[in-house]
Protein chains: 4
Amino acid sequence: MKVALTPPSRLFTSDNAGGAHPDVIAAMVRANEGHALAYGQDNYTREAKQLFSKLFDADVRTEFVFGGTGANVLALACMLRPAEAVVCSSWAHIASDETGAPERILGAKLIDLPSSDGKLRPEDLQSVAYMLGNLHHAQPAVVSITQATELGTLYSAVEVRELCDTAHEMGMLVHMDGARLANASAALGATPEALRSFTIDAGVDVLSFGGTKAGIIFGEAVVFLNPNLGERVEFIRKQVTQLHSKMRFISAQYIELLRDGLFFRLGTQANAMSMALYERTKHHQSLGLVTPPAVNSLYPRILEPARRALQDWSFFWDWDTAADQVRWMTAWDTTLADVDAFAKGIESVL
Amino acid sequence: MKVALTPPSRLFTSDNAGGAHPDVIAAMVRANEGHALAYGQDNYTREAKQLFSKLFDADVRTEFVFGGTGANVLALACMLRPAEAVVCSSWAHIASDETGAPERILGAKLIDLPSSDGKLRPEDLQSVAYMLGNLHHAQPAVVSITQATELGTLYSAVEVRELCDTAHEMGMLVHMDGARLANASAALGATPEALRSFTIDAGVDVLSFGGTKAGIIFGEAVVFLNPNLGERVEFIRKQVTQLHSKMRFISAQYIELLRDGLFFRLGTQANAMSMALYERTKHHQSLGLVTPPAVNSLYPRILEPARRALQDWSFFWDWDTAADQVRWMTAWDTTLADVDAFAKGIESVL
Amino acid sequence: MKVALTPPSRLFTSDNAGGAHPDVIAAMVRANEGHALAYGQDNYTREAKQLFSKLFDADVRTEFVFGGTGANVLALACMLRPAEAVVCSSWAHIASDETGAPERILGAKLIDLPSSDGKLRPEDLQSVAYMLGNLHHAQPAVVSITQATELGTLYSAVEVRELCDTAHEMGMLVHMDGARLANASAALGATPEALRSFTIDAGVDVLSFGGTKAGIIFGEAVVFLNPNLGERVEFIRKQVTQLHSKMRFISAQYIELLRDGLFFRLGTQANAMSMALYERTKHHQSLGLVTPPAVNSLYPRILEPARRALQDWSFFWDWDTAADQVRWMTAWDTTLADVDAFAKGIESVL
Amino acid sequence: MKVALTPPSRLFTSDNAGGAHPDVIAAMVRANEGHALAYGQDNYTREAKQLFSKLFDADVRTEFVFGGTGANVLALACMLRPAEAVVCSSWAHIASDETGAPERILGAKLIDLPSSDGKLRPEDLQSVAYMLGNLHHAQPAVVSITQATELGTLYSAVEVRELCDTAHEMGMLVHMDGARLANASAALGATPEALRSFTIDAGVDVLSFGGTKAGIIFGEAVVFLNPNLGERVEFIRKQVTQLHSKMRFISAQYIELLRDGLFFRLGTQANAMSMALYERTKHHQSLGLVTPPAVNSLYPRILEPARRALQDWSFFWDWDTAADQVRWMTAWDTTLADVDAFAKGIESVL
């Protein structure tokens, strides 16, 4: 079996297959003018930090890092003391997709709890309460949730708040891995108010704020919604290898992302394209796409040889080969033409 | 005291105060076209890796990381076993300027030896031979040298070779921190042959290959001149938070740096400007500039209030305040006009 | 409710509530004569190591440590490389009862798999095979099993062999946590041959050999059944804080334990007393003791207020309070008189 | 050359070559009666802790560990935050003789300063003040001093106080490694008051209290003179593998050591024997023993073949072979007869 159509111009493999938005590129070119002090002592970084405080309507502390695993590790390093543990879903990126970076760099246990949808609930936290105070157990001290989750699901603002309340009552802090925060924000309102509703207003303490998947070249932000937790972040960032000398180039991208809502618009576009793909393919019952995507990914089932034929034509990743499940993911730059082309290819093999 | 002249357009603070070369920026813009698989499975990365093998005229293994501390940590992580130690100069960046990243991430001791010029010599290695085989001492297993050193000095190819020979005879491996490799290469011949003479030909095992200070935006390379040592590097890179998803953007910059000698030309320019500044200022005996710079930095002495007046006019860093010593450092983009303007300012306060 | 009988002379809380066998104490007193070189360069240590090679009928490498968590950490530290992970049951002591020591000291991920009886099976290992070679996952490299398990169950020699075969085929090594190896050995034959059948003969690579629960004061052994894995153990032992200076005192205890089968006899006694307690209590159907104990612990259910009354009288630990389950554990020195007294107390509250 | 005399009954190799005092052995035998709850929930441990509070005349927090490296690592783990460093002498046991345990387990840098006599002075601390607040440097946060030092020298109470004052003014804490605290205490007065004068009264925050070299079999104490620093010590102790299940056996030894001054008497005896050896040998000018020993070791120079002949007869360790320097060390059980016999042997080869 082979697909003979023209493939889409962009891949449905992952949101990190896309490049950067033209405005972001232009901002980097502008930032390349002349000299600037290194390590964040530059005007771009000052401005970018202010934009974060404006975004969250609070005096948050923001620091930039190179990448997503670095953001998570830095956030957690600022939140943990010796002999403490992080509670997370077994689907969590920190537990499943960071090659043990948290264990190596934090020296901390991850208590990863089973979850059918990638989300944690208050009762999950209560299930580890028996460990508290028992010296034979690493002490649950931080809950880390991912928004949107690794399974393409979303926490509502109410759900995050309930989780935060339970965590805080148990003496724990809350970290949110927002590698796909743009998509989550777009799905929940696409405004600063919407973003605040499920982060700072809900009680999240520290946020890994993802930019790479949202349309920039590199650089993530760690936002200390509880700024006290970031008191020593600059030392720790350098220690965990996440301090960029030419920081203005990260900051300039974030200025572009935040100053006029580009962050929300790009998330919205990716989500819309995922929904469009869903609309064009849901009638194939064999795909098993029974519910519309919450954000920017679909997890259909396709049997061989159709699957292989499609992948040879326009590559995407397997998700669960035992279940013949794959992942289709849209990016900030996916277009309707891409969706149409891709849907036609799918059509041709089913 | 105040300097009333027009300051130079560029700073003499550090080579990381400069931006990226226009050709590098252009290469990144080109690389922004369309989608590419993440994590290095793209054509830019393939091409960049080949350019490294061509540069070293050997089948080396090259992997990209975000930054310099990350490069050093990754290189050493691939070279060390439990209970082993790294021998370095007490001036080494890994020992003095990485906020304990090696200790935290490697869990390894750094044995930092005093050195008046930032260089290690065979007898320094022999001074730790007594530790070998003694179970109470972390075992010296890797020698890490910096080229050019943190003090602006250079190892000759012969010196590196003698150090490597001694290290290997003692059962140790050799790592070279080449954050300023462009400057070192330029000073020693500015050709691939020259670069090889003090790296692969001299016996260095693993090299942190610096691009950021040499004119790019971000991204360093770890080059396993002994490719066996890089067998598990991809897993370890992810674990130490140094894997960039959109890797093509690092690779595209390195293609530009390496394909036509830009790396050597930019190092040469920075060195030449340092030499020009030396020529324009050496006659002021109070500055104590008795020997020309080996690469791109000068360490003059200037008393207050002249020092402060100069720094207020065109900022540079103190080096050793107790000795009234400062550092003037040129970058790949420093021009003769910058040097002239800076030298005039110096003239005006002395 | 209150128990008014005379409580047993010994507790049923844990096998570490007991002291040391009189012969072991006597051996320590003898070893206290005069001076001996520190750190294992003494005759007691030489003799003890030889007894281990005799026990396993092979040229194994044995090194002593202070405690059980230290033994496990040291064993695993000798088996792991960077970015590798340990596969274990979620009941494993290393996962649940060592306060994150493995994560902190090894910097490695534990992949803990659910298990209803505390045992792993070949299919559990196969369930993580998909991780192998994927750079985003810590690489499963060591399987750690506990014999007898934390739930009082046993692997047969055949089961261990099948697990080792699967692990080795997948490129993994096998560690056995033998904190209760005396009990396991006793249950499976109480001879060196029996011990070998489920350890060295079955393919286990490294063994944490437990002495503390088997009747000594302190000190565990790490036995490298595959002696190559122990090549650097002496350096690593010191590094993980497990090297005792006055090592003769650990060695002397092990000589006593091994020279004449005391190890097997004490394990047998503990097991027999657990069985005796089972025989005296199994007729109380409310306790739910439907199967005889494999080794030295029982996990009955007792409702309040009977449970509290019993604990106030002769303390033992809760196991799973939600299920009203407790743990009764016998030690090497538990006597029939203790069992009878305890059983009478139980009788009195049911 | 050969020594034909009868060698001394005890070695002059190290204070860890001796066994335990008979009263300590007797205490362990007594503690072996019956069952006791594990992990320190026993009466012996309660009593031992109270004796420490009495010794220091303050409500200190004391926790027992297995060994000296473990004591130091645990103490420092309770004192350090991420990105912080320990300042110590380059002779410090933690820097030179623990195989990198601090770096591995703490993930922290040791800033080891040169010292001709093994002692640090206030100006040493001031020499690292420039690092404070600079994000590129691990932050000096704990000063660790050894009393008596690894070179057999002593801090006076005044010297310790001045060091503590400087450290505290700089925002640093003070740890004292007291592996030979018995010898130091004996030299400075041999009373609780004397001990307090250079520890709690001088401002030391946390103390590694050594028992092993002072006449017991195993077990050291970490004494939080500032009890707030020990708030989480029980969790951290387990995490760093230093929690003994049968803790009563450590505690019983300490009860014996502390209840009636045995600790001071044994330190005094070791010191006195060192002084006696000095008196018997100082007239040999070639030995270079120009000053009497402060505690229990001498560092004479002896040329070959006399050195080898002596070592073959009654072994002791080389100290600095390049300088023909050796170490003679007395223990708590060294007798005058031992000293006389050893001195005669020395006499015979000079």
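Keep in mind that what you see is a predicted model, and the values were worked out from it rather than measured. Sequence lines set the chain letters: A, B, ... in the order given, protein chains first and strands last, and positions in each chain run from 1.
For the pair D:V295 and D:G152, the tightest heavy-atom approach, listed with the atom from each and the gap, is CG2-O, 3.6 Å. Looking at every heavy atom in both residues, D:R180 comes nearest to D:D15 through NE-OD2, 2.6 Å. What you find for D:Q311 and D:W317 is that their closest heavy atoms are NE2-C, 4.1 Å.
Of the listed residues (B:A95, B:A83, B:A138), the greatest number of heavy-atom pairs within a distance under 4.5 Å of chain D belongs to B:A138. Contacts with chain D were tallied for B:E84, B:H93, B:H137; B:H137 has the most, counting heavy-atom pairs under 4.5 Å. No other option in B:E98, B:R104, B:M131 has as many heavy-atom pairs under 4.5 Å with chain D as B:R104.
Between D:Q325 atom CD and D:L287 atom CG the span is 11.0 Å, to the nearest 0.5 Å.
For chain D, no part of B:A85 is nearby; none of its heavy atoms comes within less than 4.5 Å. Proximity to chain D (any heavy atom under 4.5 Å) is restricted, for B:D112, to the side chain, taken from C-beta onward. Heavy atoms closer than 4.5 Å to chain D are found nowhere in B:I111, neither backbone nor side chain. Looking at B:P82, both its backbone and its side chain come within 4.5 Å of chain D, counting heavy atoms on both sides.
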Worksheet item: How far apart are the C-alpha atoms of D:L110 and B:K109, what are their side-chain angles, what is the distance that settles it, and do they pass the side-chain contact (heavy atoms from CB on, under 4.5 Å) test?
Response: CA-CA 8 Å; D:L110 301 193; B:K109 175 176 277 300; 4.0 Å; yes
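Using modelled atom types and a 3.5 Å distance limit, the side chains of B:E220 and B:N72 yield no donor-acceptor pair.
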